[in-house]
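Here, residue 1 is the first one in the sequence, and each next residue gets the next number. Values below: all heavy atoms of this structure, side chains included; hydrogens, waters and symmetry mates excluded.
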Amino acid sequence: MIGNRYGTHRVIEPQGVLPQPAWKIDNDMSKLYDNEILVDVMTLNIDAASFTQIRDSVGNDEEKIASKIISIVNERGKMQNPVTGSGGMLIGKVEKIGEALKGKIDLKIGDEIATLVSLSLTPLKIEKIKKVHLDKDQVDVEAKAILFESGIYAKLPPDMDRRLALAILDVAGAPAQTARLVNPNDTVVIIGAYGKSGLLCSYVAKKYAGPAGKVIAIVRSKSKAENLVKLGITDIFEADARDAVKVEEIVSKATNGRMADVTINVVNNPDTEMASILATRDYGTVYFFSMATSFTKAALGAEGVGKDVNMIIGNGYMTNHAQIALDTVRESKVLKEIFEKMY
């Protein structure tokens, strides 16, 4: 019994679409197609934008957050927040490998892996939520999940705690793409710089911009910026990223009117598109990694203010992005200590 390599055989509605944009998918774990992998799930890392939206809607109540997550999964067959559209990722142990994949992939039963595809397309069945970690956006579960033939994954590294590895791999696309975008001598603005993706991007931006470059960190509260200081980021400014004009003024003053060559948006909340666009010079690049981004607002907003900038969707995948992200943390003692303390 061979399913479609992209998982369309599990789409319930609407028919004819891929699992990610589907409203509902089949999460029956009793049937395993020959080109699927069954995973015994230990922990879900909920996408930051999704976790923030759920927490804002029900409050800092672990039971209510757990109930909301179970409700979404029961309704949709996957963990896809209906408001943000985003999911997250998971870690677990390989329980079964479909007959068509045996000997063709570098996995064996019992391997611990992190899935590098979104929970928004992953068939998931939760039996129990054991613990909600409010400070980590992580949820310990008793659950099963399906990885499709096209799904990508990473074996958990033996030199890292699994929670730490999960947190890093969840945002692996951000530091990898930052390394690709930032050139020597660039001025880089990081909006939402003190979160896990913000810290990784700030470190990578500083590394690739070099001593003649400049990294400007925009944070909601300077009281949370101590980790940026530890990484050697000195241009730290406090602003609400929804106030586009204020952010523009800060960046203009910090750059003597030149503005940013590259702006990276990793904010978990909506309505920060215009701050990113106004902070960037003409012909510069804006990288929207945040899943809270409205690309309609970004496209029409840039048009509305006459801003000629290149806007990049935050693709969570890039060749070797998992290895790049893990090695980024490994190469910096300071960054690794920060993440170990956080996760």
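- Without hydrogens or angle criteria, Asp243 side chain to Asp240 main chain gives no donor-acceptor distance under 3.5 Å.
- Within the 3.5 Å criterion, the main-chain N or O of Val251 finds a donor-acceptor partner in the side chain of Thr255.
- A salt bridge does not link Asp186 with Lys214: every distance from a Lys NZ or Arg NE/NH1/NH2 to an Asp or Glu carboxylate oxygen is 4.0 Å or more.
- A donor-acceptor contact shorter than 3.5 Å is absent between the side chain of His321 and the backbone of Ala172.
- Transitive grouping of hydrophobic side chains (ILVMFWY, heavy atoms separated by less than 4.5 Å) keeps Leu278 and Met259 in distinct clusters.
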Apply side chain to side chain contact (heavy atoms under 4.5 Å, CB included) to the pair Leu18 and Val11, showing each step before the final yes or no.
CA-CA 7 Å; Leu18 290 165; Val11 172; over 6 Å; no
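- Between Val247 and Ala279, the shortest heavy-atom contact is CG1-CB, 4.3 Å.
- Looking at Leu166 and Thr43, their side chains come closer than 4.5 Å, going by heavy atoms from C-beta outward.
- Nearest approach of Ala217 to Leu228, heavy atoms of both residues: CB-CD1, 3.9 Å.
- Note: the hydrophobic cluster containing Phe288 does not contain Val219 (ILVMFWY, side chain heavy atoms under 4.5 Å, direct or indirect links).
- Salt bridge annotation for Lys144-Asp40: present, with a cationic side-chain nitrogen under 4.0 angstrom from a carboxylate oxygen.
- Salt-bridge annotation for Arg281 and Asp261: present, with a side-chain N of the basic residue lying under 4.0 Å from a carboxylate O of the acidic one.
- For the pair Arg5 (side chain) and Ser150 (backbone), a donor-acceptor distance under 3.5 Å is absent.
- Partner of Asp140 under the side chain to side chain donor-acceptor pair (under 3.5 Å) criterion, chosen from Lys131, His133, Lys128: His133.
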Leu90 and Val39: side chain to side chain contact (heavy atoms under 4.5 Å, CB included), yes or no, with the steps?
CA-CA 10 Å; Leu90 63 83; Val39 180; 4.1 Å; yes
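- The existence of a salt bridge linking Glu337 and Lys230 is excluded, since no basic side-chain nitrogen approaches an acidic carboxylate oxygen closer than 4.0 Å.
- Counting only distance, with no hydrogens or angles, the side chain of Ser57 and the backbone of Ile54 share a donor-acceptor pair below 3.5 Å.
- Under 3.5 Å, the side chains of Tyr203 and Glu331 contain a donor-acceptor pair of N or O atoms.
- Atom NZ in Lys253 sits 8.0 Å away from atom CZ in Phe237 (nearest 0.5 Å).
- Once rounded to the nearest 0.5 Å, the distance linking CD1 of Ile146 with NZ of Lys78 reads 15.0 Å.
- A salt bridge is defined here as a Lys NZ or Arg NE, NH1 or NH2 lying under 4.0 Å from an Asp or Glu carboxylate O, and Glu36 with Arg10 meets this definition.
- Residues Cys201 and Thr178 share a closest heavy-atom pair of SG-OG1, 3.3 Å.
- Between Asp137 and Lys196, no side-chain nitrogen of the basic residue sits less than 4.0 Å from a carboxylate oxygen of the acidic one, so the salt-bridge criterion is not met.
- The pair Arg163-Asp161 does not meet the salt-bridge criterion, since no charged nitrogen lies less than 4.0 angstrom from a carboxylate oxygen.
- Side-chain contact annotation: Asp106 with Tyr153, donor-acceptor N/O pair under 3.5 Å present.
- Here the closest heavy-atom approach between residue Ile190 and residue Val215 is recorded as CG1-CG1, 4.1 Å.
- In this structure, the separation between NZ on Lys64 and OG on Ser67 is 10.0 Å, given to the nearest 0.5 Å.
- Cluster annotation: Leu121 is not connected to Tyr6 through the hydrophobic network of ILVMFWY side chains, with a link wherever side-chain heavy atoms come within less than 4.5 Å.
- Taking the charged nitrogens against the carboxylate oxygens, Asp28 and Lys125 have no contact shorter than 4.0 Å, which rules out a salt bridge.
- Between Pro14 and Ala22, the closest heavy-atom pair is CD-CA, 4.2 Å.
- A salt bridge links Arg162 with Glu112: the distance from a Lys NZ or Arg NE/NH1/NH2 to an Asp or Glu carboxylate oxygen falls below 4.0 Å.
- Side chain to side chain, Ser120 and Gln20 meet the donor-acceptor criterion of an N or O pair below 3.5 Å.
- Going from atom CD of Glu75 over to atom CD1 of Ile70 covers 14.0 Å, rounded to the nearest 0.5 Å.
- When side chains are defined from C-beta on, Leu134 counts as touching Ile65, because their heavy atoms get closer than 4.5 Å.
- A donor-acceptor pair is defined here as one N or O able to donate and one able to accept, closer than 3.5 Å; such a pair exists between the side chain of Gln15 and the backbone of Ile12.
- Within the 4.5 Å cutoff, side-chain heavy atoms of Asn227 are placed close to those of Met342.
- Put simply, the side chain of Ser50 never gets that close to the backbone of Ile46: no donor and acceptor are under 3.5 Å apart.
- Thr280 and Thr263 are linked by a side-chain donor-acceptor pair at a separation below 3.5 angstrom, with hydrogens and angles left out of the test.
- Pairs engaging residues 282-301 under the side-chain hydrogen bond (donor to acceptor under 3.5 Å, both in side chains) rule: Asp271-Lys297 [sequence neighbours left out].
- To the nearest 0.5 Å, the span separating CD on Gln80 from OG on Ser118 amounts to 7.0 Å.
- Residue Lys307 comes nearest to Ile277 through the heavy atom pair CE-O, 3.3 Å, listed as atom of the first residue, atom of the second, then distance.
- Under the 4.0 Å criterion applied to side-chain N and carboxylate O atoms, Lys102 and Glu99 are assigned as salt-bridge partners.
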